[in-house]
> 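Have a look at the structure that comes next, please.
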Amino acid sequence: MGKTLVHGAASARIVETEAYLGLRDRAAHAWRGLTPRTKILFGPPGHAYVYLIYGMYECLNISAEGEGSPGCVLIRALEPLTGLATMRRRRGAVKRDQDLANGPGKLTIAMGITRKHNGVDVTRGSLTVNEAAGEGFEVGVSPRIGIRHNVDWPLRFFVAGNDCVSG
DNA sequence: CAATAGATCATCT
DNA sequence: GATGATCTATTGC
């Protein structure tokens, strides 16, 4: 939370995330165990897990926890910092800057992230997560969005008051 | 402003 | 063969 996601000329601040706990979390993709799709989650931490949702959109996760432990963090919203013109071109008819990446499917389009990035190490390479630009923000907590299981688990986190947090 | 429909496909049963 | 960690346009008040 608060760290900077960088891909080429585009960079943005992570302002909304969700945690998925792996084998003990029925809402998590890795809940059933190791499959071809979830193998990245069972690998070492700090790697991108990008998957297609609803046949149209891609979502970005970062693997967490150690090898064999498939916890991960879903990146749900970003505050655009640089490369705004590029994001706007990729996103089409979007009016406000804060709407460029205020959702899981929107941010992958704005940042140019696709399934080609599945498995990449985000500590080095073209797609990286860097240290936070600023500090001192307040983190809000709520249940996760768009899932059917464990609907009441407080595993969604967001920068309180930030305009780019999704509704 | 709220509710709804439609787009569209990889993955797992 | 059903389903889903979504978004947008459109309809209806």
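Residue numbers begin at 1 in each chain, while the letters A, B, ... track the order of the sequences. In this text the structure is predicted, and so the values were computed from the model without any measurement. Just so it is clear, the values below take in all heavy atoms, side chains as well, and ignore hydrogens, waters and symmetry mates.
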> In whole angstroms, how far is the P atom of dC7(C) from the CZ atom of Arg96(A)?
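Rounded to the whole Å, the gap is 14 Å.
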
> Any base atoms under 4.0 Å from Arg144(A), or only sugar-phosphate, or nothing? Heavy atoms, all strands.
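Here Arg144(A) touches no strand at all.
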
> What I'd like to find out is whether the side chain of Lys106(A) reaches to under 4.5 Å of the side chain of Ile109(A), using heavy atoms alone.
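Counting from C-beta outward, Lys106(A) and Ile109(A) never come under 4.5 Å.
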
> Is it true that a side-chain atom of Glu79(A) and a backbone atom of Ile14(A) form a donor plus acceptor pair closer than 3.5 Å?
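Checked: no pair found.
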
> What residues from residues 38-69 of chain A pass a heavy-atom cutoff of under 4.0 Å to DNA chain C?
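Those residues are Tyr51(A), Ile53(A), Tyr54(A), Gly55(A), Tyr57(A), Asn61(A).
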
> At under 4.0 Å between heavy atoms, what does Arg26(A) touch on the DNA or RNA strands: base, sugar-phosphate, or nothing?
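Nothing, no nucleic acid heavy atom in range.
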
> Asp97(A) vs Arg88(A), test: salt bridge (charged side-chain N to carboxylate O under 4.0 Å, His left out). Steps then yes/no.
CA-CA 8 Å; Asp97(A) 286 349; Arg88(A) 195 171 276 282; 2.5 Å; yes

> Relative to the ring of His7(A), is the ring of His117(A) parallel (under 30°), tilted (30 to 60°) or perpendicular (over 60°)?
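Taking His7(A) first and then His117(A), their aromatic rings stand perpendicular (interplane angle over 60°).
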
> Contact list please: residues 102-109 of chain A against DNA chain C, heavy atoms, distance less than 4.0 Å, in numerical order.
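Heavy-atom cutoff 4.0 Å gives Gly103(A), Pro104(A), Gly105(A), Lys106(A).
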
> Decide yes or no on side chain to side chain contact (heavy atoms under 4.5 Å, CB included) for Ile62(A) and Ile75(A), but give the supporting numbers first.
CA-CA 8 Å; Ile62(A) 308 296; Ile75(A) 310 300; 4.3 Å; yes

> At under 4.0 Å between heavy atoms, what does Arg115(A) touch on the DNA or RNA strands: base, sugar-phosphate, or nothing?
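Sugar-phosphate only.
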
> Between C1' on dG4(C) and CH2 on Trp31(A), what's the gap in Å once rounded to a whole number?
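To the nearest whole Å, that distance equals 14 Å.
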
> Is the shortest side-chain N to carboxylate O distance from Glu18(A) to Arg76(A) below 4.0 Å?
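Here Glu18(A) pairs with Arg76(A) in a salt bridge, since their nearest N and O are under 4.0 Å apart.
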
> With distance as the sole criterion, is a donor-acceptor pair present between the side chains of Arg13(A) and Thr4(A) under 3.5 Å?
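Their side chains do not contain a donor-acceptor pair, so the 3.5 Å distance test is not met.
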
> Would you kindly give the CD1-to-P distance between Ile147(A) and dT3(C), to the nearest whole Å?
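Value for this atom pair: 18 Å.
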
> If you group Ile, Leu, Val, Met, Phe, Trp and Tyr by side-chain heavy-atom gaps below 4.5 Å, do Val50(A) and Leu74(A) land in one group?
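The answer is no; the residues belong to distinct hydrophobic clusters.
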
> When you compare the side chain of Tyr57(A) with that of Pro104(A), does any pair of heavy atoms fall below 4.5 Å?
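SC-SC contact between Pro104(A) and Tyr57(A) ruled out.
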
> Does anything in residues 73-84 of chain A come within less than 4.0 Å of DNA chain C? Heavy atoms only, and list the residues if so.
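The stretch gives Leu74(A), Arg76(A) as the residues lying under 4.0 Å from the strand, ordered by number.
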
> Let me have DNA chain C in dot-bracket notation, would you? Count Watson-Crick plus G-U wobble pairs, both distances under 3.5 Å, and use [ ] for pairs crossing earlier ones and | for inter-strand partners.
||||.|||||||.

> Honestly curious: do Val15(A) and Val73(A) fall in one hydrophobic cluster under the side-chain, below-4.5 Å linking rule?
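No.
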
> Please walk me through it: do Trp153(A) and Asp25(A) pass side chain to side chain contact (heavy atoms under 4.5 Å, CB included)?
CA-CA 10 Å; Trp153(A) 291 13; Asp25(A) 181 3; 3.9 Å; yes

> Checking Tyr51(A) now: which residues fulfil ring-ring contact (aromatic ring centres under 6.0 Å, His included) with it, not counting sequence neighbours?
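ring-ring contact (aromatic ring centres under 6.0 Å, His included) check on Tyr51(A) returns His29(A), Tyr49(A).
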
> For the pair made of CZ in Arg148(A) and P in dA5(C), what is the distance, rounded to whole Å?
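Checked: the CZ to P distance equals 9 Å.
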
> Cluster question for you: counting only ILVMFWY and a side-chain heavy-atom cut-off of under 4.5 Å, with indirect links fine, are Phe137(A) and Val129(A) together?
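No; tracing contacts between hydrophobic side chains, which count when under 4.5 Å, never links both residues.
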
> State whether the side chain of Asp163(A) and the backbone N or O of Gln98(A) hold a donor-acceptor pair below 3.5 Å, judged by distance alone.
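The answer is no, because no donor-acceptor pair under 3.5 Å joins these two groups.
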
> Quick one: do Asn130(A) and Val6(A) satisfy side chain to side chain contact (heavy atoms under 4.5 Å, CB included)? Show the steps, please.
CA-CA 8 Å; Asn130(A) 300 295; Val6(A) 180; 3.2 Å; yes

> With a 4.0 angstrom cut-off to heavy atoms of chain A, pull out the first and last contacting nucleotide of DNA chain B, in 5'-to-3' order.
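The contacted stretch runs from dA7(B) to dT13(B).
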
> Distance check needed: dC7(C) C1' versus Arg90(A) CZ, whole Å only.
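After rounding, the reported distance stands at 18 Å.
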
> Would you kindly confirm whether Leu100(A) and Ile113(A) end up in one hydrophobic cluster when ILVMFWY residues are joined by side chain heavy atoms under 4.5 Å apart?
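Linked, Leu100(A) and Ile113(A) end up in one cluster.
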
> Give the rounded distance in Å between these two atoms: CZ of Phe157(A) and C1' of dA5(C).
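One finds 15 Å between C1' of dA5(C) and CZ of Phe157(A), rounded.
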
